[in-house]
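A quick write-up on the structure given underneath.
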Amino acid sequence: QVQLVESGGGLVQAGGSLRLSCAASLRTFYSVSMGWYRQPPGKEREFVAAIRWSASVTRYADFVKGRFTISRDNVKNTVYLQMNSLKPEDTALYYCAARRQSSLSSSPAQYDDWGQGTQVTVSS
């Protein structure tokens, strides 16, 4: 089992930025694809972004394109989510997830391990 620990959440005003980090305890981090999901209050968990092990292929949900950027550091076993131009509707608990295959997926059922989440709150 992979342990994933998110950090970087907090309270920010609309228009501001945050960078989330997810540290993975996995020796073969380079071989997995990683994803970020979020769960707004009272809503279902939704896909945000995913990145292949090579970091050359990414996928984003339409509602974050142009504002969020996913990246990874395979030396530090860490994946990041840079969030710019934040909106109040981005308020959610953000999770990272690991998929032990190199191909991307936006389906939460395709991910094998999940972190505990980090709260992001955007005030208007």
Side-chain angles (χ1 to χ4, degrees):
Q1 186 176 1
V2 178
Q3 286 190 323
L4 303 172
V5 180
E6 302 98 333
S7 62
L11 174 64
V12 64
Q13 288 188 331
S17 299
L18 284 174
R19 189 178 80 155
L20 306 183
S21 300
C22 174
S25 63
L26 178 65
R27 291 185 178 183
T28 55
F29 182 73
Y30 65 89
S31 65
V32 305
S33 59
M34 300 292 293
W36 283 99
Y37 283 77
R38 70 185 188 184
Q39 188 164 14
K43 297 185 179 180
E44 298 290 319
R45 190 173 299 190
E46 58 187 9
F47 171 75
V48 175
I51 187 167
R52 283 191 63 180
W53 67 270
S54 65
S56 61
V57 179
T58 58
R59 182 183 296 177
Y60 294 93
D62 288 342
F63 55 78
V64 301
K65 284 182 180 178
R67 299 190 299 126
F68 292 9
T69 303
I70 189 171
S71 62
R72 64 190 292 164
D73 184 330
N74 289 341
V75 174
K76 296 181 178 180
N77 284 10
T78 300
V79 63
Y80 304 97
L81 185 68
Q82 177 67 44
M83 305 186 296
N84 299 328
S85 302
L86 283 163
K87 306 175 182 180
E89 51 263 43
D90 293 318
T91 294
L93 187 60
Y94 283 72
Y95 299 89
C96 73
R99 168 173 158 82
R100 300 182 196 187
Q101 296 185 43
S102 61
S103 59
L104 295 182
S105 176
S106 60
S107 170
Q110 297 295 317
Y111 286 82
D112 302 291
D113 304 282
W114 293 82
Q116 294 299 307
T118 185
Q119 179 67 38
V120 172
T121 303
V122 184
S123 62
S124 57

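These values consider heavy atoms only, across backbone and side chains, with no hydrogens, waters or symmetry-generated copies. Because the structure is predicted, anything quoted here is derived from the model rather than measured.
Taking both residues in full, the closest heavy atoms of L86 and R67 are given as CA-NH1, 3.9 Å, listed atom of the first, atom of the second, then distance. The minimum heavy-atom distance between M34 and C22, with the atom names listed, is CE-SG, 4.2 Å. Between S105 and S107, the shortest heavy-atom contact is OG-N, 3.1 Å. When all heavy atoms are compared, the tightest approach of P88 to A14 is CD-CB, 4.1 Å. Considering all non-hydrogen atoms of both residues, A61 and F47 come closest at CB-O, 3.3 Å. Nearest approach of A49 to L81, heavy atoms of both residues: CB-CD1, 4.3 Å.
Between W114 and R45 there is a side-chain heavy-atom pair separated by less than 4.5 Å. Contact annotation: the side chain of E46 approaches that of R38 to within less than 4.5 Å [non-hydrogen atoms, C-beta and beyond]. Side-chain contact check for V12 versus M83: every heavy-atom pair is 4.5 Å or farther apart. Looking only at side-chain heavy atoms (C-beta outward), V32 and D113 stay at 4.5 Å or farther from each other.
The stretch residues 2-22 participates, sequence neighbours left out, in these side-chain hydrogen bond (donor to acceptor under 3.5 Å, both in side chains) pairs: S17-N84.
Of the charged side-chain nitrogens involved, at least one lies within less than 4.0 Å of a carboxylate oxygen, so that D62 and K65 count as a salt-bridged pair.
Here V57 is tied into one hydrophobic group with L104, each link being a pair of ILVMFWY side chains closer than 4.5 Å.
With sequence neighbours excluded, the residues satisfying side-chain contact (heavy atoms from CB on, under 4.5 Å) with D112 are R100. Here T69 pairs with Y60, Q82 under the side-chain contact (heavy atoms from CB on, under 4.5 Å) rule; sequence neighbours left out. Partners of Y37 by side chain to side chain donor-acceptor pair (under 3.5 Å), not counting sequence neighbours: none found. Judged as a side-chain contact (heavy atoms from CB on, under 4.5 Å), and not counting sequence neighbours, the contacts of L93 are Y95, Q119.
Atom CD1 of I70 sits about 13.5 Å away from atom CZ of R52, to the nearest 0.5 Å. In this structure, T78 OG1 and L20 CG are separated by 12.5 Å, a value rounded to the nearest 0.5 Å. Going from atom CG of L4 over to atom OH of Y111 covers 11.5 Å, rounded to the nearest 0.5 Å.
No continuous path of hydrophobic side-chain contacts links Y94 to L11 [ILVMFWY only; heavy atoms under 4.5 Å].
Distance alone, capped at 3.5 Å, places no donor-acceptor pair between the T58 side chain and the I51 backbone. Although no hydrogens or angles enter the test, the distance criterion places no donor-acceptor pair under 3.5 Å between the side chain of R99 and the main chain of S33.
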